[in-house]
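In what follows, a single structure is set out as structure tokens and then discussed.
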Number of protein chains: 2
Amino acid sequence: MEEGTSEFPRHRTGTEAVGPAPCVDDYAYDARQWDTREDCEVRQILDRIADKWSLLVIALLDCQGLRFTELRREVDGISQRMLTKTLRQLERDGLVSRTVHPTVPPRVDYALTPLGSTLHATIQALVTWTERHQSEIATARAAYDAREAVGSAGAAAPALEAATTPVDHRA
Amino acid sequence: MEEGTSEFPRHRTGTEAVGPAPCVDDYAYDARQWDTREDCEVRQILDRIADKWSLLVIALLDCQGLRFTELRREVDGISQRMLTKTLRQLERDGLVSRTVHPTVPPRVDYALTPLGSTLHATIQALVTWTERHQSEIATARAAYDAREAVGSAGAAAPALEAATTPVDHRA
DNA sequence: CAGAATCCTTGGAGATACTG
DNA sequence: CAGTATCTCCAAGGATTCTG
């Protein structure tokens, strides 16, 4: 369990010095060199919270509890199965708490734990970033697609065809 | 379907306050009600950058460029196919730049664009969070699994078998 | 209402071979 | 080296049904 806590794994083979000096950062030395191995626990956790549903649930779930159905309504597009599964995982990771009220119509409240709240802040930053830069991304996409179209006009260079049909609506 | 408590959030174009407006704030102010609909562009982008490979690539890619092979080595476990695809997407979104050096052995450098750098900071925060809290998560998981084992021993309470272990469809 | 169990489809993703 | 093009496979995930 203590494989990559604060160590610099440095598993990049130094056969070729492409630029040993890291970024311009001199304060944060491990700015980029965390443990990237698949079996690393950080990777494992990251792969889990980097899940679209987990991310959305945490982003939407705030300190006050939400019921199952409320969550399902909030997280648009999620199926009951995925919501349950996602919530179970998050509960297991200690990020959300599950409170069952033994009423006649069952009522279950989900809320962020203190640990989950700290993650919520970080994820919220990601959401905010997206909101802020969505126009830039849209512009970049349009430019890319335009270039793409021109390039494929002269020579057949197919790659990433999602050009003029961005909306991928699956029935 | 009450529309008083939970109605569909509207498009909030980037004029909102980016500052921390936690849940303890007033209710009418939808600090956490960004557009959650699937067809929303924010969701679209979020679903993309919340991809495990995209996240890793951006996290590892820093301001200096990395070659294709270097990236493949860094992002442990990624296949060539996925790396190419991920890079194309990120390039299309204007997050990474692709520089081809027309040398005899082809050399392609990938680097973060200014826009990508801003995202890198946010994602790095996520990585840092994970590094910091991995032990807490591990503890929570152990506790959950312990409870789980006890619960399923006494009464029928099946749910989420240890996710780290492969599928266990008990007949 | 909250969830468990089941069935079934899609596409994500690895492996391999080929090219410039 | 840096891709592209295929083939294949498996599991993520949706839809449906059935309970307490």
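Keep in mind it's a predicted model, so treat the numbers as computed, not measured.
The side-chain heavy atoms of B:Leu119 and A:Thr130, taken from C-beta on, include no pair separated by under 4.5 Å.
The distance between atom CG of B:Asp109 and atom C1' of D:dG3, rounded to the nearest whole Å, is 15 Å. In this structure, A:Arg72 atom CZ and D:dT16 atom P are separated by 13 Å, rounded to whole Å. Regarding A:Glu70, its CD atom lies at a distance of 11 Å from the P atom of C:dC1, rounded to whole Å. Rounded to whole Å, the distance from CG on A:Asp47 to C1' on C:dG12 is 14 Å. Rounded to a whole Å, the CG atom of A:Leu83 is 17 Å from the P atom of D:dA12. The nearest whole Å value for the distance from the CD atom in B:Gln89 to the P atom in D:dG3 is 15 Å. Between B:Glu91 atom CD and D:dA2 atom P the separation is 15 Å, expressed in whole Å.
Residue B:Tyr110 places none of its side-chain N or O atoms closer than 4.0 Å to OP1 or OP2 of D:dC1. Phosphate contact (OP1/OP2 of D:dG3, side-chain N/O of B:Arg98, threshold under 4.0 Å): present. At C:dC1, none of the side-chain N or O atoms of A:Arg67 fall inside 4.0 Å of OP1 or OP2 (strictly under the cut-off). An OP1 or OP2 oxygen of D:dA2 is reached within less than 4.0 angstrom by no side-chain nitrogen or oxygen of B:Arg88.
Note on residues 100-128 of chain A: pairs passing salt bridge (charged side-chain N to carboxylate O under 4.0 Å, His left out), not counting sequence neighbours, are A:Arg107-A:Asp109.
With respect to the salt-bridge test (charged N to carboxylate O, under 4.0 angstrom), the residues A:Asp35 and A:Arg43 do not qualify.
For B:Trp53, there are no ring-ring contact (aromatic ring centres under 6.0 Å, His included) partners, not counting sequence neighbours. With sequence neighbours excluded, no residue forms a salt bridge (charged side-chain N to carboxylate O under 4.0 Å, His left out) with B:Arg48. Applying the salt bridge (charged side-chain N to carboxylate O under 4.0 Å, His left out) test to A:Asp51 and every residue at least two apart in sequence or in another chain returns nothing. In this structure, B:Arg72 has no salt bridge (charged side-chain N to carboxylate O under 4.0 Å, His left out) partners at least two apart in sequence or on a different chain.
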With B for base contact, S for sugar-phosphate-only contact and - for none (protein heavy atoms under 4.0 Å), nucleotides 13-20 of chain C reads BBB----B

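With distances taken from any side-chain atom of A:Val108 to the nucleotides D:dC1, C:dG3, D:dT4, the minimum falls on C:dG3.
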